[in-house]
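First comes the structure, then the notes that go with it.
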Amino acid sequence: MVGNDAHPVFRELLPSPGGEVDLAAAYAHPVGLDRPWVRANMVASVDGGAIGPSGRSRDLSSSADRRVMGVLRGLCDVVLVGARTARVEDYGPVKDRASWAPLRAGRPATPAVAVVSRTLDLPDRLLTDAPPHARTIVFTVASAPAGRRAHVARHADLEVVDGESVTPVHIVNALAGRGLYRVLTEGGPHLLAEFTASGLLDELCLTVSPHLLGAGAPRIVAGGPGTPGAPEFLSVQSTPVRMAHLLTADDALFARYVR
């Protein structure tokens, strides 16, 4: 089966090779979810690079990758992102899609965006353009600039954490307190490293993009002991995962790994 840019066709390779895939069913959350579930969605080249020539991950994206991202956003309660990624990728509030109606039955039309930032240097539209039902949630520390804190608090829900850094535990607990259990993090690599090190990442959805970037391109997980600005709790470790499925569309691979 051959798709097109508007409607790429996804086929399952593993665990059971077959025909066209229903993405909403393939990426459905566990049934009866009664605790926070943190899912990451990342893209990488075939040689492991996560950022393209322009400095953005979108260089590696495609219509098929954007289709998966759309389904994952439709399924989640909140999209979580680090401040640098929000700036580089020019994040705004998640836009409503008519196709999400069956995915979001009984929930707001769009998920909120939550962002983590020490300096509160964020795209203004991420704060000011968010709809009332999905106000942006901003996690920061008490030492954040007072002027920026006041500005953010006028337009978004501000969560101020005591201490020098916002940890994954702070984030997950605060989101769960708001009833936001299905957490979709879209990076960046440092935020993903923190969730991996904390043991709070339940699932990784990885698009393997048909590109070669060569040496020097950052990976989907970055930072660690000795990295400037890296939290003290980061450590090198191995986290076993199992492959839940492997799909293909338009020469890209779409792997779903569960911890």
Side-chain angles (χ1 to χ4, degrees), residues 24 27-42 69 71-83 85-86 91 93-94 96 100 103-118 120 122 126-127 130-142 144 149 152-153 155-205 221 231-235 237 239 241 244 256-259:
Y27 287 98
H29 287 86
V31 177
L33 193 63
D34 60 357
R35 68 167 181 84
W37 182 271
V38 181
R39 163 185 281 171
N41 183 39
M42 304 293 283
M69 175 186 281
V71 170
L72 295 180
R73 285 184 163 194
L75 290 168
C76 79
D77 295 329
V78 59
V79 175
L80 174 66
V81 66
T85 296
Y91 266 64
V94 176
D96 189 8
W100 285 355
L103 302 182
R104 304 198 63 79
R107 294 187 294 162
T110 57
V113 175
V115 61
V116 186
S117 176
R118 284 167 170 252
L120 299 179
L122 302 171
L126 183 58
L127 307 174
H133 70 263
R135 281 169 59 89
T136 297
I137 304 165
V138 180
F139 291 92
T140 194
V141 291
R149 281 179 59 176
V152 170
H155 301 286
D157 292 348
L158 186 61
E159 294 269 357
V160 180
V161 173
D162 290 330
E164 296 191 11
S165 64
V166 180
T167 70
V169 172
H170 289 137
I171 296 168
V172 169
N173 286 344
L175 294 177
R178 295 169 175 264
L180 306 176
Y181 277 30
R182 298 169 180 84
V183 181
L184 173 66
T185 180
E186 296 176 351
H190 288 88
L191 185 63
L192 182 56
E194 293 178 22
F195 270 89
T196 302
S198 71
L200 290 177
L201 184 69
D202 295 291
E203 182 178 330
L204 171 64
C205 299
V221 176
E232 293 181 0
F233 62 82
L234 285 184
S235 61
Q237 61 179 327
T239 302
V241 293
R256 179 185 178 202
Y257 295 98
V258 178
R259 181 167 60 89

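Atom set for the values below is all heavy atoms of this structure, side chains included, hydrogens, waters and symmetry mates excluded.
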List the residues meeting salt bridge (Lys or Arg N to Asp or Glu O under 4.0 Å) with Arg178, not counting sequence neighbours, and say none if there are none. Asp157, Glu159
[Y] side chain reached by [X] side chain, heavy atoms, under 4.5 Å:
{"X": "Thr196", "Y": "Thr239", "answer": "yes"}
{"X": "Thr167", "Y": "Glu194", "answer": "no"}
{"X": "Val38", "Y": "Ile171", "answer": "no"}
{"X": "Val81", "Y": "Leu191", "answer": "no"}
{"X": "Leu80", "Y": "Val116", "answer": "yes"}
{"X": "Val152", "Y": "Thr136", "answer": "no"}
{"X": "Glu203", "Y": "Arg256", "answer": "yes"}
{"X": "Val166", "Y": "Val141", "answer": "yes"}

Please find the pair of heavy atoms, one from [X] and one from [Y], that lie closest to each other, and give the distance.
{"X": "Ala40", "Y": "Leu201", "answer": "CB-CD1, 3.7 Å"}
{"X": "Leu127", "Y": "Ala156", "answer": "CD2-CB, 4.0 Å"}
{"X": "Gly187", "Y": "Thr85", "answer": "C-OG1, 3.9 Å"}
{"X": "Tyr27", "Y": "Leu75", "answer": "O-CD1, 3.4 Å"}
{"X": "Trp100", "Y": "Ala109", "answer": "CE3-O, 3.8 Å"}
{"X": "Ala112", "Y": "Arg135", "answer": "CB-O, 3.6 Å"}

If only atom types and distance count, is the side chain of Thr140 paired as donor or acceptor with the main-chain N or O of Ser117 below 3.5 Å? yes
Output yes when a side-chain donor or acceptor of Arg149 lies under 3.5 Å from a complementary backbone atom of Leu120, and no otherwise. no
Value rounded to 0.5 Å, distance of [atom1] in [X] from [atom2] in [Y]:
{"X": "His29", "Y": "Cys76", "atom1": "NE2", "atom2": "SG", "answer": "7.0 Å"}
{"X": "Arg35", "Y": "Asp202", "atom1": "CZ", "atom2": "CG", "answer": "4.0 Å"}
{"X": "Leu103", "Y": "Leu72", "atom1": "CG", "atom2": "CG", "answer": "10.5 Å"}
{"X": "Tyr91", "Y": "Leu126", "atom1": "OH", "atom2": "CG", "answer": "9.5 Å"}
{"X": "Asp77", "Y": "Leu175", "atom1": "CG", "atom2": "CG", "answer": "9.5 Å"}

What I want to check is whether the side chains of His133 and Thr110 have a donor and an acceptor closer together than 3.5 Å. yes
Sequence neighbours excluded, which residues qualify as side chain to side chain donor-acceptor pair (under 3.5 Å) partners of Arg73? Glu186
Heavy-atom count check: over 12 atoms from other residues, nucleotides or ligands less than 6.0 Å from Tyr257 OH? no
Kindly indicate, with the supporting measurements, whether the criterion side chain to side chain contact (heavy atoms under 4.5 Å, CB included) is fulfilled by Arg118 and Ser165. CA-CA 8 Å; Arg118 284 167 170 252; Ser165 64; 3.8 Å; yes
